[in-house]
A.B. asks: 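Have a look at this one.
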Amino acid sequence: MKDLQDLAQRLLVDGTVAVVIGYERGPRGARPAFVQRPEDVERLIFDAECVQNLATYLSPRRRHLLKLGRKAVVAKPCDVRAIAGLVREKQVKRDEVVVIGVRCPGVGEDRCVTCTAREPRLADHLVGAAVAAPAAGESQRDAKLRELEAMTPAERWNFWQAELSRCVRCHACREICPMCQCDRCVASKTQPQWIESSPHARGNLSWQLTRVLHQAGRCVDCGECERACPEGIPLGLLLRKVAEVVDRRFDFRPSDDPELPTPIGAYRLDDPQEFIL
Amino acid sequence: MSKSTQPSTPSSAPGDVAFEPRLTAFVCNWCTYTGADLAGTSRLQMAANVRIIRLPCTGRIDPLFVVKAFERGADGVIVSGCHPADCHYTAGNYHARRRFAVLQELLTFLGVEPERLTFSWVSASEGAKWADVVNGATERVRAVGPFAAYRALVADALPADELQPAARGGAPRATTATEERA
């Protein structure tokens, strides 16, 4: 933690960045912190409670944050994939942001069980003690995925209707997502209204379907949408399903390499088309 | 992919003689629309259950179009365009192929019967293939029954008969040029 604070102080004092976006201790676990003064760097922490993906604060959609000036951001290996995604989609210039990579022991999420990345690669600085590669565990989410796939369509329909009918259309999943970056979301447009905006089952289905499709090949599996959802809808399941499809069909996994093309938007002449007559 | 009956609130049994499936077809202007035209001018007999919506290219078809068709009362959807390497815009169908691959797997995962979605490549010379696609899709949708589950998503949803474009205001405009004289 000392090396993180020292690095943040150095970056702020020599004027490399105007703000360091990191984590601080809040009343209920770790929370995002925006440190602009060198004397405040003692607030910065990193531990297994730091679950948030701070890359979302780099999105140019957040215009009020653009005004803060040059940023350094504390990023776990999974968060770095979101930064790579933003660079890949020309939303952020790589040399405009200082990435403080942290070696991550896992932050207690289900996705951490199967995660093998412990050291971010796309980083300007690397802090934290070395962490041993974990033993591969059983992901509850993947188990649930297999369970759903074994159901009949009618059973799956009823499962998802039970989940999606709780959606209150607060759009927290969109707001927190580091990869949701449209100036005007299709769900907010009213003329024509493609997605019904009131919280009922039909509009909810249309909204989540659209959001998940827009994340195909782009979702970095940071789990923020599911964490932000006030109704506890298992959005990660849908995204995981699409990620598996994209992996199987297009051989693409969330990557910290900003040079890779996104799978939707690219194509191969021999893409599988067994579903087309 | 497993067959199944409709989930909650089936309004009529699958295979019910009274049930005429309603299908929406999103087709590209250059190949499938012309192919459908050929089927019509060749006087091929085919199911009259399909409403065609013509678009410039399969690459223009947003997955939301398919969702909207279901919302507006379609029991099934056909998406059809130029064969690979035949796209008028060089690569629109390749992009579409990737999107629809994800779309159909996601819809299946959400519990939509795969029989409700048909994707095909139909060239301008394949009028007979278009007739086969239309007949096949209609029969598959007829077998799984009306998409009552989707219509039941809104408590105050209109019954299927009132989902005609006139009753719903700005409903998608259906092209009837190739609707059959059957």
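Letters go in sequence order (proteins before strands), and every chain restarts at 1. Note that the structure is predicted; figures quoted are calculated from it, not measured.
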A.B. asks: Among all residues two or more places apart in sequence or in another chain, which pass the side-chain contact (heavy atoms from CB on, under 4.5 Å) test with A:C177?
C.D. replies: A:M179, A:C180, A:Q215
A.B. asks: Can you find a heavy atom in the side chain of A:F252 that is under 4.5 Å from one in the side chain of A:D247?
C.D. replies: no
A.B. asks: Looking only at side-chain N and O atoms, does A:T262 offer a donor or acceptor that is under 3.5 Å from a partner on A:R88?
C.D. replies: no
A.B. asks: For B:F70, is it the side chain, the backbone, both or neither that has a heavy atom under 4.5 Å from a heavy atom of chain A?
C.D. replies: neither
A.B. asks: Using non-hydrogen atoms and a 4.5 Å limit, figure out which bit of B:V67 sits close to chain A: side chain, backbone, both or neither.
C.D. replies: side chain
A.B. asks: Please test A:V99 against A:I83 for side-chain contact (heavy atoms from CB on, under 4.5 Å), starting from the C-alpha separation and ending with a verdict.
C.D. replies: CA-CA 9 Å; A:V99 180; A:I83 298 173; 4.0 Å; yes
A.B. asks: Would you say that A:E163 contacts A:E231 through its side chain, given a criterion of any heavy-atom pair below 4.5 Å between the two side chains?
C.D. replies: no
A.B. asks: Does B:R60, at its CZ atom, have more than 12 non-hydrogen atoms belonging to other residues, nucleotides or ligands within less than 6.0 Å?
C.D. replies: no
A.B. asks: Heavy-atom distance under 4.5 Å to chain A: side chain of B:L103, backbone, both or neither?
C.D. replies: both
A.B. asks: Please look at B:V112 and chain A and tell me whether the side chain, the backbone, both or neither of the residue comes under 4.5 angstrom of a heavy atom of that chain.
C.D. replies: both
A.B. asks: With a 4.5 Å heavy-atom cut-off, do B:R142 and B:E20 have their side chains touching?
C.D. replies: yes
A.B. asks: Tell me, side chain or backbone of A:P192 under 4.5 Å from chain B's heavy atoms, or both, or neither?
C.D. replies: neither
A.B. asks: Measure distances from A:S206 to the heavy atoms of chain B and classify the residue's part below 4.5 Å as side chain, backbone, both or neither.
C.D. replies: both
A.B. asks: Under 4.5 Å heavy-atom distance to chain B, tell me which part of A:Q161 shows up: side chain, backbone, both or neither.
C.D. replies: side chain
A.B. asks: Going by an N to O cut-off under 4.0 Å, is there a salt bridge joining A:E244 and A:R146?
C.D. replies: yes
A.B. asks: Classify the side-chain pair B:R97/A:Q273 by whether it contains a donor and acceptor separated by less than 3.5 Å.
C.D. replies: yes
A.B. asks: Go through the atoms of B:S80 and report whether side chain, backbone, both or neither lie under 4.5 Å from a heavy atom of chain A.
C.D. replies: neither
A.B. asks: What part of A:Q193 gets within 4.5 angstrom of chain B, counting heavy atoms only: side chain, backbone, both, or neither?
C.D. replies: backbone
A.B. asks: May I ask you to list the residues in residues 87-94 of chain B that approach chain A closer than 4.5 angstrom, counting heavy atoms only, ordered by number?
C.D. replies: B:A91, B:Y94
A.B. asks: Does any heavy atom of chain B fall under 4.5 Å from the side chain of A:L205, the backbone, both, or neither of them?
C.D. replies: side chain
A.B. asks: Taking the six-membered ring for Trp and the single ring otherwise, decide whether the centroids of B:Y150 and A:W157 are under 6.0 Å apart.
C.D. replies: yes
A.B. asks: Against the six-membered ring of B:Y33, is B:R54 placed for a cation-pi contact (under 6.0 Å from the centre, within 45° of the normal)?
C.D. replies: yes
